[in-house]
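Have a look at the structure below, then the notes.
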Amino acid sequence: MHFYAVTIIGRDRPGIVSETARILFELGCNVADSSSTILGGQFAMILIVSHPDMAQAAPLEQAFSNIEQQGLSVFVRTLKPGGEKRPELPGEICMISVYGSDKPGIIYRVTRLLSERQINIIDLHTKLIGSEKRPVYVMVCETVLPPDLTTEDVRNLLDSVKQELQVDITVRNVTPVEL
Amino acid sequence: MAVREIRVYPDPCLKQVCDAAEPGTEETRQLVEDLIDTMYEAGHSVGVAAPQIGVCKRVAVVDVSHSKLGQKHNHGLLVLINPEILERSGSKTMREGCMSVPDYTGNVERAREIVVQFTDRSGQDQVIRSKGFEAVAIQHELDHLDGFLFLDRVDNKSEIFKRKQ
């Protein structure tokens, strides 16, 4: 099985998903994981697709050339063997919400601290809300903690940026419950 | 005493509305024992419903007393025969996992506090008020009796997450 990551982005309108799905279906590709959302006025799709015997990305790129002419950008990345498998992520799952008046450096200061402590970001969304005069920046970040860190440690760790950037930060454990 | 195999989706048993159980019969007594044994054997489990072991009857067991989240409010081992939720209030979202849907978890919003009526192991009618994690566990198990999985309840904004291994 050959795996590719396909990224498609363009001005949002009805029909982008169905057109993409049609092209993949006609090529005989399977869609495994995918995530799509609207960011600003752009619709962005990322799909992990597989094909039993398409060993080159060229046919995929060619099939998408048509929708590129419709104003969408398409990028195909060939995955190395095993690149479709998620690495094992042991450790507590921790959700971090950061929000406050918009200013440069919020994402950078927060994520730099996380990366220094080997805290792995597995999901990140940011959004500019509020009014034009008083913009508010919101960042919601899901992380996996290394074994030696607790939610409380992360809370303490982020206290310094909270003061410095004058933002609010909440940290909470969202490790799943087994029922 | 028997530990039974946990049925995994797409086993059809998990998507059926179960029939009422008959309290006091040997069949129900045996079913309750198997559910309890299966729950404790799994170690991490805080509840099992009859369809999860392939029996389409309205019986479930819940015990959150050994879980960190259930320490504060719990009724110990609950045997719920023909249970019914009489009242629900508040809301609480937890990221749920289920032995019948291995490898995945999802955020589900449920009532924070419930009043449940059921017949217990000795055939007595009971009404209890449950809250917090125990209430979530009861609602999750009772859903099984109506053919619902947590996948049917995942709030549409959240994703289905690959469980950490």
Side-chain angles (χ1 to χ4, degrees), chain A residues 3 5 17 31-39 44-48 82-97 118-127 129 138-152 154 170-179, chain B residues 6 39 42-49 52 60-64 66-71 78 92-108 110 132-144 148-151 153-154 156-165:
Chain A
F3 288 89
V17 177
V31 178
D33 290 1
S34 79
S35 178
S36 307
T37 194
I38 192 162
L39 301 169
M45 303 179 72
I46 304 175
L47 308 102
I48 302 297
E84 78 284 5
K85 289 202 186 74
R86 174 172 167 165
E88 254 186 50
L89 299 167
E92 296 287 293
I93 301 182
C94 187
M95 190 76 87
I96 303 169
S97 313
Q118 296 298 306
I119 296 169
N120 193 0
I121 296 174
I122 54 172
D123 195 282
L124 170 68
H125 292 268
T126 68
K127 206 162 179 65
I129 61 167
V138 182
M139 165 174 161
V140 181
C141 181
E142 189 174 317
T143 61
V144 178
L145 307 187
D148 58 325
L149 283 186
T150 64
T151 305
E152 192 55 41
V154 179
T170 23
V171 178
R172 61 194 197 279
N173 191 317
V174 291
T175 304
V177 295
E178 178 81 43
L179 294 163
Chain B
I6 293 282
M39 173 173 69
H44 53 271
S45 169
V46 297
V48 179
Q52 289 184 282
V61 296
V62 168
D63 184 355
V64 300
H66 305 292
S67 156
K68 205 168 86 187
L69 292 164
Q71 290 299 308
L78 284 169
K92 181 177 175 67
T93 301
M94 295 189 92
R95 188 171 293 182
E96 299 187 8
C98 176
M99 291 190 287
S100 294
V101 189
D103 298 337
Y104 285 89
T105 64
N107 291 341
V108 181
R110 300 195 187 269
F133 184 43
E134 186 185 64
V136 169
I138 291 173
Q139 291 170 84
H140 176 107
E141 299 313 329
L142 264 52
D143 262 356
H144 279 302
F148 288 112
L149 299 172
F150 78 85
L151 294 175
R153 301 273 189 222
V154 169
N156 56 3
K157 266 195 159 172
S158 76
E159 286 189 62
I160 311 295
F161 300 88
K162 186 96 170 98
R163 185 195 292 283
K164 62 173 185 135
Q165 295 300 318

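A, B, ... follow the sequence lines: proteins, then strands. Residue 1 opens every chain. Keep in mind that this is a model prediction, so the values were computed, not measured.
B:H44 touches chain A through backbone and side chain together, each having a heavy atom under 4.5 Å away.
Considering every non-hydrogen atom in both A:E178 and B:V46, the closest pair reads O-CG2, 3.5 Å.
Open room surrounds CD1 on A:I46; 12 or fewer heavy atoms of other groups in view lie less than 6.0 Å from it. Open room surrounds CG on A:D33; 12 or fewer heavy atoms of other groups in view lie less than 6.0 Å from it.
Two residues are said to be in side-chain contact when any heavy atoms from C-beta on lie closer than 4.5 Å; B:R95 and A:I93 meet this criterion. Using a 4.5 Å heavy-atom threshold, the side chains of A:V177 and B:L69 count as touching.
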